[in-house]
Amino acid sequence: MTEQLIDIPVETVVVRPRRRVRKSVLPIIGGTLLLCMLLFVIIVPLLPGVDPLAQDLSHANLPPFTDSAHLLGTDSLGRDTLSRIAQGGRTTIAITLAIVVINVIIGATIGLLAGFFGGWIDRLIGLVSDAILSLPVVLLLIAISAIVGPSATLMVVVLGCTFWMGYARVARAVTLSLRGRDFIVAPQILGASASWTIRRHVLPHVVPPVLILAVTDVGVVMLLQAGLDFLGLGVQPPAPTWGGLILQGQPVLSTNPWQSILPGLSIFILVAGTQLLSQRFTAEGSIPLRRARTA
């Protein structure tokens, strides 16, 4: 008994500081990775003489670090890999953010309405949410693409309208936990409109947990988008995207694997940076996340 009483505090003292250090370091690493990648995709296309679409067949399939004019080599058409990865990063990040923003707006709005008004509105939104969850997104996109043709706009619309359920559930849970509180009921008794009450008192409590979910979803949406680009269902050539660049490097994978490895590594860095940075917000003891889980 004496040894157990002595061992427990010792283990606690040793383990807890290590957990604090690990949790504090991971977001810093993630933020650094994100910052470096964002600077890369912003600065490189602005450099003079950089053209991701310029072809030079005399310098096709150059490996990295063999030509000072093409630092990361070239593809099968002699296009500069460095500039194409940077330009593809711009496109990939812009589409990912557009999809996440659309989902956040739709999900938060629907969740607020369902949680605040309840009744038949809540039941109807629940039925719609379950119906959309049962749809396979990739098959849906393939079916629509077969009719109207694949494009970046179509991918943004389809993914922007099929991933809002998580945001709606978080917003609804937070709204339900607040609906009966005094600072929500009192303005309504005094004649305040439902829209004013939601905007002034409910929305500020819903935004933090929804943004936390959005940060963690950026990596998921980016991986899905890259996969759809790889299948030819997203941005069409010659416009570069990271998923499209991986596809274009497949024919020369045995002779020049860097054409697929470098854009894949870019996706890994950005997704890893996002997930590590999200540890700062989803860490144990975070007030917004605790409210969402309790609700």
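- Residue Trp164 places its CH2 atom among more than 12 non-hydrogen atoms of other residues, nucleotides or ligands, all under 6.0 Å distant.
- His70 is linked by a ring-ring contact (aromatic ring centres under 6.0 Å, His included) to nothing, counting only residues two or more places apart in sequence or in another chain.
- With sequence neighbours excluded, no residue satisfies salt bridge (charged side-chain N to carboxylate O under 4.0 Å, His left out) with Asp182.
- A donor-acceptor contact under 3.5 angstrom links the side chains of Ser195 and Ser193, judged on distance only.
- Residues Leu141 and Leu228 are in side-chain contact: their nearest non-hydrogen atoms beyond the backbone lie under 4.5 Å apart.
- Nearest heavy atoms, Leu276 versus Leu26: CB-O, 3.5 Å.
- More than 12 heavy atoms of other residues, nucleotides or ligands sit less than 6.0 Å from atom CZ of Phe183.
- When atom types are taken as modelled, the side chain of Asp80 and the backbone of Pro52 share no donor-acceptor pair closer than 3.5 angstrom.
- The shortest non-hydrogen separation linking Val215 to Thr274 is O-CG2, 3.1 Å.
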Subject >> Verdict with reasoning, Arg172 to Asp122, per salt bridge (charged side-chain N to carboxylate O under 4.0 Å, His left out) >> reply: CA-CA 9 Å; Arg172 176 182 177 273; Asp122 191 11; 2.9 Å; yes
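- Nearest heavy-atom pair across Pro187 and Ile184 is CD-O, 3.4 Å.
- Thr162 places no side-chain N or O within 3.5 Å of a backbone atom of Val137 that could act as its donor or acceptor partner.
- In this structure, the side chain of Gln259 does not engage the main chain of Ile246 through any donor-acceptor pair within 3.5 Å.
- At a threshold of 4.5 Å between non-hydrogen side-chain atoms, the residues Ile85 and Trp242 count as touching.
- In this structure Thr241 satisfies the side-chain hydrogen bond (donor to acceptor under 3.5 Å, both in side chains) test together with Asp229, sequence neighbours excluded.
- Atom CD1 of Ile28 and atom CG of Leu277 lie 10.5 Å apart (nearest 0.5 Å).
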